[in-house]
Number of protein chains: 2
Amino acid sequence: MAYLTIGKVAKKTGVGVETIRYYERSGILSKPDRLPSGYRVYTEENIKQLLFLRKAQALGFTLGEISDLLSLSTDPTSNCEQINDLAKEKILQIEEKIAILQNMRRDLDAIAQYCPANSQPISDCSIINHLYGNS
Amino acid sequence: MAYLTIGKVAKKTGVGVETIRYYERSGILSKPDRLPSGYRVYTEENIKQLLFLRKAQALGFTLGEISDLLSLSTDPTSNCEQINDLAKEKILQIEEKIAILQNMRRDLDAIAQYCPANSQPISDCSIINHLYGNS
DNA sequence: CTTGACCCTGAACCATGGTTCAAGGCTATA
DNA sequence: TATAGCCTTGAACCATGGTTCAGGGTCAAG
């Protein structure tokens, strides 16, 4: 049949059927039309929304934030600055996460460096000793 | 009273009472002794475990991994190499997360760069256009 | 001996981003 | 027309790391 049903959309986009329904249930994606049978039929517009969602997700936006982005993107009274603010905030959040992880790596490197890493008993392990506060 | 009850441990370590009970319930921390009343009484050893947990958590270990670290740390047959392997693996995981976040930031930077960020309508927004696939 | 702060238990609930299940209806193909 | 493979719904479940709640018991001070 010519209808773009959920399974076809799933194949086309690589997003699972259950996941697409989940996005709809969560109010992130607009509800597609239905056939008399109840089957969802998707338009190209629906698919664009879905791909928008996945791209934004890959950029680190949460589903809640993506919901906002999608609303703004179709709101005639919204403007570029609002979108830019969200992007800038997200960049800051990402940078914060990076900084935290870099600190973790640095600290872990530092305490692992002196671990003999051999068959010595645990009492010689710099990692365990650090964690137990015997710096 | 002289007993180190859960509330005192919470104040001393900065870990919430509910959180301490949660760690015990999850089998990560060993069960403290009890008074006839049922009150938990903690030893310095218990507190060391708790601080170990929080330090390891700050280094990026999950509670499951910390459980392993604690077991190894008291197992007489374990050795330094096993601990070192866990630390190395964690460093790799952290590096992987950093790489993913750096890619996100780079991509987000790249698409936000050309956004006019003013009162222009959404149709001029490079961010939205990117997400809709109109690169 | 009462009051208030502290403690106990078990169970439910929170966010996040989905996945899985049960029980049944619709459709394409041979 | 049989039947495999789609589709529907609502609800429960997963991991992670806790928090909150209801309904009580205990302890120390006044």
Visitor: Starting from C1' on dC6(D), measure out to CZ on R34(A) and report it in whole angstrom.
Guide: 15 Å
Visitor: Between atom NZ in K8(A) and atom C1' in dC26(C), what is the gap in whole Å?
Guide: 13 Å
Visitor: In whole Å, I'd like the distance from the CD1 atom of I28(A) to the P atom of dA15(C).
Guide: 14 Å
Visitor: What is the separation between atom CG on L35(B) and atom P on dC8(C), rounded to the nearest whole Å?
Guide: 9 Å
Visitor: Dump the intermediate steps for side-chain hydrogen bond (donor to acceptor under 3.5 Å, both in side chains) on S126(B) and N129(B), then the final yes or no.
Guide: CA-CA 5 Å; S126(B) 63; N129(B) 283 330; over 6 Å; no
Visitor: Looking only at side-chain atoms of S37(B), point me to the closest of dT26(D), dT9(C), dT8(D).
Guide: dT26(D)
Visitor: Rounded to whole Å, how long is the line connecting atom CD1 of I6(B) with atom C1' of dT19(D)?
Guide: 14 Å
Visitor: Let me know the distance between CZ of R54(B) and P of dG18(D), rounded to the nearest Å.
Guide: 6 Å
Visitor: Identify, residue by residue, the members of residues 11-27 of chain B with a heavy atom below 4.0 Å from DNA chain D, and return them in order of residue number, or none.
Guide: E18(B), T19(B), Y22(B), Y23(B), R25(B)
Visitor: Do D33(B) and R40(B) have side-chain heavy atoms sitting under 4.5 Å apart?
Guide: no
Visitor: I'd like to know if R21(A) and E18(A) make a salt bridge, using a cut-off of under 4.0 Å between side-chain N and carboxylate O.
Guide: yes
Visitor: From D68(A) CG over to S73(A) OG, what is the distance, rounded to the nearest 0.5 angstrom?
Guide: 11.0 Å
Visitor: Could you tell me the separation between the CG atom of L4(A) and the P atom of dT27(C), rounded to a whole number of Å?
Guide: 16 Å
Visitor: Specify the separation, in whole Å, of atom CG of L50(A) and atom P of dG17(C).
Guide: 15 Å
Visitor: In Å, rounded to the nearest 0.5 Å, how long is the span from CD of Q49(B) to CG of L53(B)?
Guide: 8.5 Å
Visitor: Look at the side chain of T19(B) and the backbone N and O of V15(B), then say whether any donor-acceptor pair between them is shorter than 3.5 Å.
Guide: no
Visitor: I'd like to know if E44(B) and K12(B) make a salt bridge, using a cut-off of under 4.0 Å between side-chain N and carboxylate O.
Guide: yes
Visitor: For a quick test of reading the model: is some side-chain N or O of R40(B) closer than 4.0 Å to OP1 or OP2 of dC7(C)?
Guide: no
Visitor: Taking E96(B) first and then K90(B), would you say they form a salt bridge - that is, a charged N and a carboxylate O separated by under 4.0 Å?
Guide: no
Visitor: Using 0.5 Å steps for rounding, measure from the CD atom of E45(A) to the OG atom of S30(A).
Guide: 8.0 Å
Visitor: Identify, residue by residue, the members of residues 60-73 of chain A with a heavy atom below 4.0 Å from DNA chain C, and return them in order of residue number, or none.
Guide: T62(A), L63(A)
Visitor: Counting only side-chain nitrogens and oxygens, does Q57(A) get under 4.0 Å of the OP1 or OP2 atom of dT16(C)?
Guide: no
Visitor: Which is more 5' along DNA chain D, the nucleotide nearest L53(B) or the one nearest P36(B)? Just name the residue.
Guide: L53(B)
